[in-house]
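What follows is a set of notes on a single structure, which appears directly below.
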Amino acid sequence: MKRVNVKRLCVMGVLIAAAMLFSYVESLVPVFLPIPGVRLGLANIVVLLALLMFKPGEAFLIGFIRVLLSGILFGNPFSLAMSCSGFLLSFLVMYIFKRSDKFSIPGISIAGGMFHNVAQLLCARIILSSYGIMIYMFPLCVVGCITGCINGFICKMIFERTDKHDWISEG
Amino acid sequence: MKKNDYILIGILLILSLAVSLSVFLKGHASEASVVVIAVDGNAVGTYSLREDREIPIDNEYGHNLIVISDGKVFIGESDCDGRDCIAMGRISKGGDRIVCLPHRLEVYIKGGDGVDTVAY
Ligand SMILES: [Zn+2]
């Protein structure tokens with residue numbers, strides 16, 4: 001039987017809780033763009049941090065549980081569908097860019113933030129069956145770039161200040 | 001930040017700008033004065049921006065009240081989740097758009113003459 005690493009499990013639980021807190025704070029911030037579900041993406045700090053410190057599958061689990069729980073608790077079916085699509089694409093993009101080892105942490109975060117919003121826009125485009133809504137592509141990418149940059153530098157600061165050996169070690 | 005980061009960000013921003021510009025140029029043909037209401041991507045009515053009126057939209061998705069007043073359009077009432085459409089406020093320029101995602105509803109302004117008010 002696979003041994004359960006209790007320390008890892010605890011840290012993962014704490015990260016999910018932290019991401020949930022970010023989601024809640026965000027749900028209090030009013031919409032500033034006409035696409036529902038577009039938020040600051042603070043929870044992405046946690047997902048990226050998990051991607052840097054844990055196995056990809058574990059990081060995915062942290063992010064996915066966060067999206068589901070906050071969608072059920074603070075959202076509606078539409079915001080859940082939107083944030084789900086945003087999470088899936090941004091996670092995939094961040095995972096690929098992180099693996100390539102060619103980008104810095106803020107760079108990965110910015111790509112994640114942009115593609116998060118792109119996925120939400122594509123989701124809205126499918127729901128509405130309208131092409132005109134794609135006019136929001138540029139403003140949403142600019143917003144994703146700014147929020148991704150802020151989140152990326154916060155993530156970098158946290159990552160550099162944590163005792164990685166203590167968290168990642170299999171013992 | 002590395003050089004690669006800046007290249008990546010630059011490329012992504014240029015691509016997104018191209019998408020937005022292409023949509024903008026399409027919808028910005030002539031003087032914008034026509035209000036189009038679409039559900040599920042199909043136009044259900046076109047109205048003049050110059051005539052004040054209220055248009056209720058009731059269908060299987062729910063209720064919206066679209067208000068045209070003083071050359072501006074806004075959603076006056078909605079029973080959707082979140083009421084994001086009401087929060088989007090007033091639009092008045094060509095290419096402007098209000099969306100009510102839960103109700104698959106779009107209201108936008110396009111240029112052109114030949115306004116025909118569709119009754120339904
Ligand atoms: Zn609405």
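Each chain gets a letter, A, B and so on, in the order the sequences are listed, and its residues count up from 1. Side chains are part of it too, since the values below use all heavy atoms of this structure and drop only hydrogens, waters and symmetry mates.
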Treating Ile, Leu, Val, Met, Phe, Trp and Tyr as nodes and any side-chain heavy-atom pair under 4.5 angstrom as an edge, say whether A:Met53 and A:Val14 lie in one connected cluster. no
Is a side-chain donor or acceptor of A:Asn117 paired with a backbone partner of A:Met114 at a separation under 3.5 angstrom? no
Under the side-chain contact (heavy atoms from CB on, under 4.5 Å) criterion, do A:Arg125 and A:Leu121 qualify, and how do the steps go? CA-CA 6 Å; A:Arg125 189 217 179 293; A:Leu121 185 58; 5.7 Å; no
Are A:Ile72 and A:Leu21 grouped together when hydrophobic residues (ILVMFWY) are joined by side-chain heavy atoms under 4.5 angstrom apart? no
For the pair B:Asn59 (side chain) and B:Tyr61 (backbone), establish whether a donor and an acceptor sit closer than 3.5 Å, ignoring hydrogens and angles. yes
Nearest 0.5 Å please: distance from the CG atom of B:Leu49 over to the NZ atom of B:Lys110. 13.5 Å
I'd like to know which of A:Pro106, A:Ala81, A:Gly132, A:Cys149 tops the heavy-atom pair count under 4.5 Å against chain B. A:Gly132
Chain B contact via A:Val118 - which portion, at a heavy-atom distance below 4.5 Å: neither
Return yes if some donor-acceptor pair links the side-chain N/O of B:Asn4 with the main-chain N/O of A:Lys102 below 3.5 Å, else return no. yes
Check whether A:Ile110 gets within reach of chain B through its side chain, its backbone, both or neither, counting any heavy atom under 4.5 Å. side chain
Select all residues of residues 64-79 of chain B having any heavy atom within less than 4.5 Å of some heavy atom of chain A, and report them by number, or 'none'. none
Can the ring centres of A:Phe87 and A:Phe60 be said to be less than 6.0 Å apart? yes
B:Leu25 with B:Ile109, same ILVMFWY side-chain cluster at under 4.5 Å: yes
Taking heavy atoms only and a threshold strictly under 4.5 Å, list by residue number the residues of residues 12-19 of chain B that touch chain A; give 'none' if the list is empty. B:Leu12, B:Leu13, B:Ser16, B:Leu17, B:Val19
Please look at A:Cys145 and chain B and tell me whether the side chain, the backbone, both or neither of the residue comes under 4.5 angstrom of a heavy atom of that chain. side chain
Hits for side-chain contact (heavy atoms from CB on, under 4.5 Å) against A:Ala59, two or more places apart or cross-chain, chain-then-number order -> A:Ala50, A:Leu51, A:Phe91
Report the residues that fulfil side-chain contact (heavy atoms from CB on, under 4.5 Å) with A:Ala43, sequence neighbours left out, ordered by chain and then residue number. A:Ala19, A:Phe22, A:Ser23, A:Arg66
